[in-house]
K.L.:
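Below is one structure. I have some questions about it.
In each ligand, atom 1 is the first atom listed, and ligand 1 is the first ligand listed. Note that these values count all heavy atoms, side chains included, but never hydrogens, waters or copies made by symmetry.
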Amino acid sequence: MIKVGVLGATGMVGQRFIELLDKHPNFEISALTASSKSAGKKYEDATTWYLEGSMPESVKDVVVSETDPNVLDGDVEILFSSLPTELAKVVEPKFGENFIVASNASAMRMVDDVPLIIPEVNPEFLDLVEIQQKNRGWDGFIVTNPNCSTIALTLTLKPIHDNYNINRVYVSTMQAVSGAGYNGVPSMAIVDNLVPFIDGEEEKMESETLHLLGTIDGGQVKYADFNLSASCNRVAVLDGHTESVFIELDEDIDILDVKNKMSNFKGLPQRLDLFSAPKNPVIVTEEKNRPQPRMDRNTEGGMSVTVGRLRRDNSFNNSFKYTLVGHNTIRGAAGTSILNAELIVKKLL
Ligand SMILES: NC(=O)c1ccc[n+]([C@@H]2O[C@H](COP(=O)([O-])OP(=O)(O)OC[C@H]3O[C@@H](n4cnc5c(N)ncnc54)[C@H](OP(=O)(O)O)[C@@H]3O)[C@@H](O)[C@H]2O)c1
């Protein structure tokens with residue numbers, strides 16, 4: 001067993017980490033951190049459990065530590081970070097000196113020598129780890145995963161990008177409230193409502209997607225060469241982001257071939273049979289009123305993205321459109337971080 005810790009363990013994503021790690025065959029939780037208001041308390045006293053089911057017994061008595069590299073147990077090898085961005089910017093590099101940090105926070109995603117990875121999409125970006133350690137003289141390193149809406153979108157774009165020339169992508173999102181953290185969206189703002197603004201989300205989707213679908217050339221990321229425009233909305237759904245996607249290719253399309261390419265898509269985690277890898281990262285449904293967040297977010301343990309309403313877009317040349325649903329705190333956050341760590345264990349340790 002590899003000893004792991006969770007930074008920001010009491011929050012929305014931190015709790016998902018705990019839920020997923022509790023059942024993990026290779027990772028054992030041995031450190032949990034949060035803010036000074038939680039530090040020194042037992043996890044069960046510091047945390048209001050937000051997820052379905054009860055808090056795992058194994059963490060109830062663990063004493064929450066300050067989020068400080070100097071107080072962390074030296075036995076821990078991998079740290080999963082679900083810290084607020086501003087804090088992550090300051091502390092993740094300190095943890096990276098000695099630990100492997102698999103982060104959800106956006107703070108380090110676009111730093112040149114820090115890999116931004118979805119294991120099925122661009123596992124080769126792990127090559128940046130060697131450059132990072134050399135640049136910084138660290139024993140540890142930082143690997144990041146993209147934001148929740150980007151992960152779901154990019155998993156569906158990967159089989160298209162690998163097989164066709166994409167000209168442009170438009171995406172409009174309907175994002176769950178859990179994506180903003182427990183205290184993120186007041187109920188008075190979202191019940192009976194929709195908020196057509198999520199700070200920074202459109203910019204993240206537009207840059208992270210092209211980064212992930214890019215290539216590594218001489219230690220530098222070369223972005224994918226197509227246009228992407230995102231419009232992001234917060235809706236009154238608890239978990240599961242829905243996205244309407246419109247794609248124009250350079251060439252004519254065979255919609256059945258697009259469907260097959262998506263359904264048959266497998267990445268390195270599937271070939272390596274990693275524990276958290278879904279059998280199919282993308283599942284295409286034919287049902288005319290699906291996917292729906294309540295019904296499809298937990299497909300393959302929340303690790304698959306469900307695509308439906310895949311159809312030719314007759315309003316434009318060479319175009320098609322679809323709707324997707326992905327679980328934002330599992331596939332969109334903790335689950336992908338854990339899959340990144342499984343890939344790291346397989347390829348680098
Ligand atoms: N929610 C999602 O779907 C999602 C998806 C992808 C990425 N992310 C990213 O993941 C990160 C966490 O998001 P979240 O939704 O889990 O947020 P959250 O529910 O607000 O949780 C924040 C966590 O950070 C801790 N924290 C806050 N201030 C701290 C401080 N000054 N020092 C140490 N710890 C502190 C909190 O501990 P206390 O309980 O002690 O305050 C809590 O454990 C963010 O960077 C977010 O952008 C979230």
K.L.:
Check Asp252 with Arg312, please: is the shortest side-chain N to carboxylate O separation under 4.0 Å?
P.N.:
yes

K.L.:
Looking at side-chain heavy atoms only, is the closest gap between Val325 and Thr242 below 4.5 Å?
P.N.:
yes

K.L.:
Report the hydrophobic cluster partners of Val237, with the cluster defined as I, L, V, M, F, W, Y residues connected by side-chain heavy atoms closer than 4.5 angstrom, directly or transitively.
P.N.:
Met174, Leu194, Val235

K.L.:
Run through ligand 1 for me and note each protein residue having a heavy atom under 4.0 Å from it, chain first, then residue number.
P.N.:
Gly8, Ala9, Thr10, Gly11, Met12, Val13, Ala34, Ser35, Lys37, Ser38, Thr67, Ser82, Leu83, Pro84, Thr85, Leu87, Asn104, Ala105, Cys148, Ser178, Gly179, Gly181, Tyr182, Asn328, Thr329, Gly332, Ala333

K.L.:
With respect to Thr154, which candidate in Asn122, Val305, Leu210, Val121 satisfies the side chain to side chain contact (heavy atoms under 4.5 Å, CB included) definition?
P.N.:
Val121

K.L.:
Heavy atoms, side chains only, cut-off 4.5 Å: are Leu268 and Lys346 in contact?
P.N.:
no

K.L.:
Taking Gln270 for its side chain and Gly267 for its backbone only, find out whether a donor-acceptor pair lies under 3.5 Å.
P.N.:
yes

